[in-house]
Amino acid sequence: MGAKLGQTIGGRGRGGGDNLVEAHEINVTPFIDVMLVLLIIFMVAAPLATVDLGVDLPASAVEPSPRPDQPVFVTVKPDLSVAVGEDVIARDVLTSTLDSATHGKKDERIFLRADKAVSYGDLMEVMNLLRNAGYLKIALVGLDGRS
């Protein structure tokens, strides 16, 4: 609650007594400060809340790209053995087998397929082996879902 002070002459207010008049206005300055802070918080937080938007994307009518004449398939079987083409190989000879299958062309696309029973971590190990061997173009092979 605020008070207005009158002019004091000689330590006493006008009329010889202490005249303290009450002010009947509400001090809204702290309220405005709080509202501005809340506005800034909501302005910053609002874009962060819109990351998970449900969007119905249109379907693509593009045909799959054609396969090369002699594709190189690397297969991870359910028992975690690795095969290049039809030949099951040890993981430590994967680089040399791929080099002979691609004739040393490291930019050739490698088609990687895995059984459903293979865990994601085991598939990533094979992908890391391919990357460490210098084969950076890796295509994951799956069944065609279009019916």
Using atom types as modelled and distance alone, determine if a side-chain donor or acceptor of Lys77 lies under 3.5 Å from a backbone N or O of Val88.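 Side chain of Lys77 to backbone of Val88: no pair is present.
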
Flag the pair Lys105 and Asp99 as a salt bridge only when some basic side-chain nitrogen lies within less than 4.0 angstrom of an acidic carboxylate oxygen.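 Salt bridge flag = no for Asp99 with Lys105.
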
Chi angles and distances behind the side-chain contact (heavy atoms from CB on, under 4.5 Å) call for Arg91, Glu125: CA-CA 10 Å; Arg91 290 185 185 210; Glu125 285 179 20; 3.4 Å; yes

For the OG1 atom of Thr75 and the CG atom of Asp87, what is their distance to the nearest 0.5 Å?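 Reported value, rounded in 0.5 Å steps: 10.5 Å.
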
Could you give the side-chain donor-acceptor pairs of residues 27-40 under 3.5 Å, partners two or more places apart or in another chain?
unit_1, atom_1, unit_2, atom_2, d
Asn27, OD1, Thr29, N, 3.4
Asn27, OD1, Thr29, OG1, 3.4

Holding to side-chain hydrogen bond (donor to acceptor under 3.5 Å, both in side chains), I want the full list of residues that pass it with Ser96, two or more places apart in sequence or in another chain.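 Result, side-chain hydrogen bond (donor to acceptor under 3.5 Å, both in side chains) vs Ser96: none returned.
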
Do Glu108 and Thr102 come within less than 4.5 Å of each other through their side chains, counting heavy atoms only?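 Glu108 vs Thr102: side chains touch.
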
Suppose clustering is done on Ile, Leu, Val, Met, Phe, Trp and Tyr with side-chain heavy atoms closer than 4.5 Å. Which residues sit in the same group as Met127?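 Met127 shares its hydrophobic cluster with Val72, Val74, Val76, Leu80, Val82, Val84, Ile89, Val93, Leu94, Leu98, Ile110, Leu112, Val118, Tyr120, Leu123, Met124, Val126, Leu129, Leu130, Tyr135, Ile138, Leu140.
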
Can you see which heavy atom on Arg109 is nearest to which on Ala139, and at what distance?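 For Arg109 versus Ala139, the nearest heavy atoms are CD-CB, 3.7 Å.
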
